[in-house]
2 protein chains.
Amino acid sequence: MYSRRMAGVKMSGGVEWAVHCCVVLSQADGPVPAQRLAEFHGISRTYLAKHLQHLSRAGLVTSTEGRIGGYVLTRPAGEISVLDVVLAIEGREPAFRCTEIRQNGPLPASPAACRRACGVARAMHAAERAWRDSLGAVTIADLGEGVLEDAGPDTFVHLREWLGT
Amino acid sequence: MYSRRMAGVKMSGGVEWAVHCCVVLSQADGPVPAQRLAEFHGISRTYLAKHLQHLSRAGLVTSTEGRIGGYVLTRPAGEISVLDVVLAIEGREPAFRCTEIRQNGPLPASPAACRRACGVARAMHAAERAWRDSLGAVTIADLGEGVLEDAGPDTFVHLREWLGT
DNA sequence: CTAATCGCGGATAACACCTATCCGCGTTCA
DNA sequence: TGAACGCGGATAGGTGTTATCCGCGATTAG
Ligand code: SF4
Ligand code: SF4
C-alpha cells in the first residue's frame, strides 16, 4: 500500500480512519454500523472493525449489538480530543523506551545516579508531552468545524442524508 | 530483546545509542573508534556501526579511516540538538502519513477543498512540530551537564582516562 | 613493504508489528 | 426464525527493526 521508502517514528494508518469515523459519528443521529463507515471512506470494512473495537474498549464509542446496531460517540464531540483517539488506537506506550545502557560497560553509572531518569530520557519524555498536549488541545468538534470551512456549510447535511439512506 | 508487548508510535532503539555516543564524543580529545563506543556502552559493535554511519551521512560526526581512525563531532556539542540525532537515525519522514481518504467513498471531497491539508492532518503536523521544537531545544552539551549533575563532577575525567587506555 | 586497524556498504536472517481477511459466536430486532 | 451487527480469535503477507557477517578501500605502526 505504501510505495515510498519510509523510516522512523511512525503512526499507524488506522489512526486516520478512526479520527474520520469519530467526525462522522459526531454528525449522526443514531448508531452507525461499521459497514456504513467503511463504505463512506472507501476503506476495508473488516480492518476498520478492528479499530472501532479499540475505540469501544477505550470507552470513546458505545457499541450497540443486534439488528440495527452500530456505534455512537460516548461523550459529546467537544469532549473527545484527537489524543484520546490516538491513544486508543496506538496504545499508551511512550515512543521512547529506555534500555538503561548507562548501567553497562566498564564505567557503569552508580545505582544512586540511576534513581531518576537521565537527561536523555527526560528530554525525550518532555518532547512526547509536548506532542500529547498539542493533540489534546484539538477536539473532534474542532475538526468538524474545520470540515465545514474547507468543504462548505452543507457538507454535513449531505452526510446525514446519505447515512439515513 | 523486548519482552513486553508494545504498540503504537515507537522510536528506534538506535536513537538512544546514538545520543549517548554523541555525549561521549563531546568529551573525547581525538577520534573514537566504533569498537570503543560499543565497549563503553556494552552494546553490539556491528549494529552500532550502522547507526554511526547514519550520523556520518547526516554530517553530525566526521569519520577518520585507517589505523587510528574513529569518529569526531563535526560541530561543537552546543550546536548539535537531540533532534538532529533523532532525524539522522530515524529519518525525516513525518510520523503521520495522510492517505487522503476524504477523496474516497460516495461523498468525496471536492478538488477545491483538497487544495490544502485537512484539519486532521493539520492537527497531527502541529503536534509533530511541537515535538520537534522540544527536542531541538536540547543540545548534546546540555545532556553532558546533566550527566555531571547526576553522576558527579569527575565522571568525564574517568571517561577520558578510559578512552586513553 | 607488510600487516593490523578501521570505516563503509551490501547481503543476510530472525523477529516484531502493521495490514488485511476470514470465521464462528452471541446479540438484537423485524 | 432469520437477517444484520459487534466481538474475538486465527491466519497470512508485507514491512521495518535488530543484529551479524563479509569484502573492500583507506591509513598507519612496525
Ligand atoms: S542515560 Fe538515559 S537514555 Fe541512556 S540508558 Fe540511562 S536512562 Fe536510558
Ligand atoms: S481529511 Fe485530512 S487526514 Fe483525512 S484523508 Fe483528508 S487530508 Fe488526510
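This structure is a prediction, so every number in the text was calculated from the model and none was measured. Per chain, numbering begins at 1; letters A, B, ... match sequence-line order.
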Listing time: all N or O pairs from protein to nucleotides 11-15 of chain C that are below 3.5 Å?
none

Are there any protein N/O atoms within less than 3.5 Å of an N/O atom in nucleotides 26-30 of chain D, and if so, which ones and at what distance?
residue	atom	partner	partner atom	Å
D:dA26	O4'	B:E65	OE1	2.9
D:dT27	O2	B:R67	N	2.9

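With sequence neighbours excluded, the residues that form a ring-ring contact (aromatic ring centres under 6.0 Å, His included) with A:H20 are A:H41. Evaluation of the salt bridge (Lys or Arg N to Asp or Glu O under 4.0 Å) rule for A:E100 yields A:R102 as partners, not counting sequence neighbours. Considering only residues two or more places apart in sequence or on other chains, A:S63 meets the side chain to side chain contact (heavy atoms under 4.5 Å, CB included) condition with A:S56, A:Y71. Residues forming a ring-ring contact (aromatic ring centres under 6.0 Å, His included) with A:F40 (at least two apart in sequence, or on another chain): A:W162. Take B:L87 and apply the side chain to side chain contact (heavy atoms under 4.5 Å, CB included) test, not counting sequence neighbours, and it matches B:L83, B:R92.
Per the geometry, CG belonging to A:L25 stands 11 Å off P belonging to D:dG6, to the nearest Å. Rounded to a whole Å, the NE2 atom of A:H54 is 12 Å from the C1' atom of C:dC17. Nucleotide D:dT17 holds its P atom 16 Å from the CD atom of B:E16, rounded to whole Å. Between B:I43 atom CD1 and D:dT20 atom P there is a gap of 11 Å when expressed in whole angstrom units. In this structure, B:R45 atom CZ and C:dT5 atom C1' are separated by 11 Å, rounded to whole Å. Distance, B:L52 CG to D:dT20 C1': 16 Å, rounded to whole Å. When rounded to the nearest whole Å, the span between CE of B:M11 and P of D:dT17 equals 12 Å. Counting to the nearest Å, the C1' atom of D:dG8 and the NE2 atom of A:H51 are 15 Å from each other.
Taking only side-chain atoms of A:W17, from C-beta outward, the nucleotide of C:dC8, D:dA19, C:dA20 with the closest atom is C:dA20. Listed nucleotides C:dG7, D:dG16, D:dA19 differ in distance to B:S44; the shortest reach to its side chain belongs to D:dA19. Nearest to the side chain of A:T46, among D:dA19, C:dA20, D:dC7, sits C:dA20.
More than 12 heavy atoms of other residues, nucleotides or ligands sit less than 6.0 Å from atom CZ of B:R122.
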If you look only at distance, which donor and acceptor atoms sit under 3.5 Å apart when one is on a side chain in residues 132-158 of chain A and the other is two or more places apart or in another chain?
residue	atom	partner	partner atom	Å
A:T139	OG1	A:A141	N	3.3
A:T139	OG1	A:D142	N	3.1
A:T139	OG1	A:D142	OD2	3.2
A:D142	OD2	A:T139	N	3.0
A:D150	OD1	B:R116	NH2	2.9
A:T155	OG1	A:A151	O	3.0
A:T155	OG1	A:G152	O	2.7

Solution key, residues 105-114 of chain A side-chain donor-acceptor pairs under 3.5 Å, sequence neighbours excluded:
residue	atom	partner	partner atom	Å
A:S110	OG	A:A113	N	3.2

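Close to C:dT19, at under 4.0 Å from its OP1 or OP2, lies a side-chain N or O of A:Y47. For D:dC7, the OP1/OP2 oxygens have no side-chain nitrogen or oxygen of A:R57 closer than 4.0 Å. For C:dT19, one of the phosphate oxygens OP1 or OP2 lies less than 4.0 angstrom from a side-chain nitrogen or oxygen of A:S12.
Within the structure, salt bridge (Lys or Arg N to Asp or Glu O under 4.0 Å) contacts touching residues 31-42 of chain B (residues at least two apart or in different chains) are B:R36-B:E39. Listed by first then second residue, pairs satisfying salt bridge (Lys or Arg N to Asp or Glu O under 4.0 Å) with a partner in residues 53-68 of chain B number zero, not counting sequence neighbours.
Near DNA chain C, defined here as any heavy-atom distance below 4.0 Å, the residues from residues 30-39 of chain B are B:P33, B:A34, listed numerically.
Of the inter-residue distances, the one linking A:L25 atom CG with A:L52 atom CG reads 7.5 Å to the nearest 0.5 angstrom.
In terms of heavy atoms, B:H125 sits closest to B:F96 at NE2-O, 4.0 Å.
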